Amino acid sequence: MKLEGSCHCKAVRFSLESAAPYPFMRCYCSICRKTAGGGGYAINLGGDHRTLTIEGREHLSVYRARMVDPQSGAVRISDGERNFCKHCGSALWLWDPNWPELVHPHASAIDTDLPTPPEHTHLMLDSKASWVEPQVFVDDKCFAEYPDESLAQWHERLGLGGAES
């Protein structure tokens, strides 16, 4: 499925192909919540990085998150590049050089109508803010940390993946 997206002020517009377009995965980690999750979580989609086209690249900025080891307190900088508009602050996508073929646009930045997921996955619930009340439906899956099932595997399990999506 071709996805088209933009920032709020329209300085950045982008498109990409996605075989995993269902906005099902709600991440409650502090990085997603603080950089893109006004409701206490962010929803990332999966896409093919090779197909990403960008208009207004000069208006982009990148944030690389500080990662703190909970046991040692050691800090490292994430390899993941969280792209956002430097004018309006809209979170646009995450790209990580450890998985260079993938790009993860924020569902909130997508202008294309997205399909409604038949179930949701709530992840990193141990990191959620105290005020957040996850809206969990009967078929939803909940995880304290990150689940083993990937975006692509979720789509495949439910028969929702593939280029024809």
Side-chain angles (χ1 to χ4, degrees), residues 1 3-12 14 16 18 20-47 59-96 98-99 102-155 157-158 160-161:
M1 175 177 190
L3 303 179
E4 295 183 355
S6 62
C7 65
H8 185 261
C9 72
K10 305 293 188 204
V12 180
F14 64 96
L16 69 150
S18 174
Y22 282 77
F24 76 95
M25 189 179 282
R26 297 177 179 189
C27 183
Y28 296 83
C29 82
S30 66
I31 300 167
C32 285
R33 176 170 36 90
K34 289 181 177 259
T35 63
Y41 59 87
I43 301 174
N44 295 313
L45 305 171
H59 303 292
L60 287 173
S61 195
V62 171
Y63 173 66
R64 292 179 59 212
R66 294 178 68 244
M67 312 286 285
V68 180
D69 183 285
Q71 279 76 36
S72 68
V75 176
R76 73 173 183 82
I77 301 300
S78 170
D79 293 334
E81 298 177 0
R82 287 167 170 77
N83 288 260
F84 65 95
C85 174
K86 64 183 178 184
H87 303 294
C88 67
S90 296
L92 301 171
W93 66 82
L94 166 68
W95 178 79
D96 192 314
N98 295 299
W99 298 278
L102 302 174
V103 63
H104 298 287
H106 288 284
S108 57
I110 300 300
D111 300 320
T112 306
D113 285 341
L114 295 172
T116 302
E119 66 180 46
H120 297 92
T121 297
H122 302 264
L123 60 107
M124 302 299 289
L125 284 165
D126 279 0
S127 298
K128 75 172 187 59
S130 62
W131 58 267
V132 174
E133 298 179 34
Q135 190 176 19
V136 179
F137 298 101
V138 75
D139 291 329
D140 289 1
K141 312 290 187 267
C142 295
F143 299 91
E145 294 185 0
Y146 211 85
D148 290 333
E149 186 175 55
S150 71
L151 289 165
Q153 290 167 333
W154 182 93
H155 281 76
R157 174 173 59 82
L158 294 171
L160 304 171

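Predicted model only: the values in this text are computed from it and were never measured.
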When you measure from the side chain of [X] to the backbone N and O of [Y], does any donor-acceptor pair fall under 3.5 Å?
| X | Y | value |
| --- | --- | --- |
| His59 | His87 | no |
| Ser18 | Ala20 | yes |
| Asp139 | Phe137 | no |
| Asp96 | Asp79 | no |
| Thr112 | Glu4 | yes |

Within the 4.5 Å heavy-atom criterion, are [X] and [Y] side-chain neighbours or not?
| X | Y | result |
| --- | --- | --- |
| Leu92 | Cys7 | yes |
| Arg26 | Leu123 | no |
| Leu102 | Leu151 | no |
| Ile110 | Phe14 | yes |
| Pro105 | Leu45 | yes |
| Arg157 | Glu119 | yes |
| Ile31 | Ser127 | no |
| Ile77 | Arg66 | yes |

Which heavy-atom pair separates [X] from [Y] by the least distance, and what is that distance?
| X | Y | value |
| --- | --- | --- |
| His8 | Ser90 | N-OG, 3.0 Å |
| Ala65 | Arg82 | CB-NH1, 4.1 Å |
| Gly80 | Arg64 | O-CG, 3.5 Å |
| Ala129 | Arg33 | N-NE, 3.6 Å |
| Pro23 | Pro115 | CD-O, 3.1 Å |
| Ser6 | Lys10 | OG-NZ, 3.1 Å |

Quiz item: Does a sphere of radius 6.0 Å around CD in Gln135 hold more than 12 heavy atoms from other residues, nucleotides or ligands, not counting ones at 6.0 Å or beyond?
Solution: no
Rounded at 0.5 Å granularity, tell me how far [atom1] in [X] sits from [atom2] in [Y].
| X | Y | atom1 | atom2 | value |
| --- | --- | --- | --- | --- |
| Trp95 | His104 | CH2 | NE2 | 11.5 Å |
| Met1 | Leu160 | CE | CG | 12.0 Å |
| Asn83 | Tyr63 | CG | OH | 13.5 Å |
| Leu94 | Glu81 | CG | CD | 8.5 Å |

Listed pairs under 3.5 Å, donor-acceptor, residues 68-75 side chains, sequence neighbours left out:
| residue | atom | partner | partner atom | Å |
| --- | --- | --- | --- | --- |
| Asp69 | OD1 | Gln71 | N | 2.8 |
| Asp69 | OD1 | Ser72 | N | 2.8 |
| Asp69 | OD1 | Ser72 | OG | 3.4 |
| Ser72 | OG | Ala74 | N | 3.1 |

Quiz item: Do the rings of Trp154 and Phe24 sit parallel, tilted or perpendicular, given the 30° and 60° boundaries?
Solution: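 The rings of Trp154 and Phe24 lie parallel, inter-plane angle below 30°.
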Exercise. Applying side-chain hydrogen bond (donor to acceptor under 3.5 Å, both in side chains), run through Ser30 and Lys34 and close with a yes or a no.
Key: CA-CA 6 Å; Ser30 66; Lys34 289 181 177 259; over 6 Å; no
Quiz item: What residues form a side chain to side chain contact (heavy atoms under 4.5 Å, CB included) with Pro134, not counting sequence neighbours?
Solution: Tyr28, His122, Leu125, Lys128, Val132, Val136
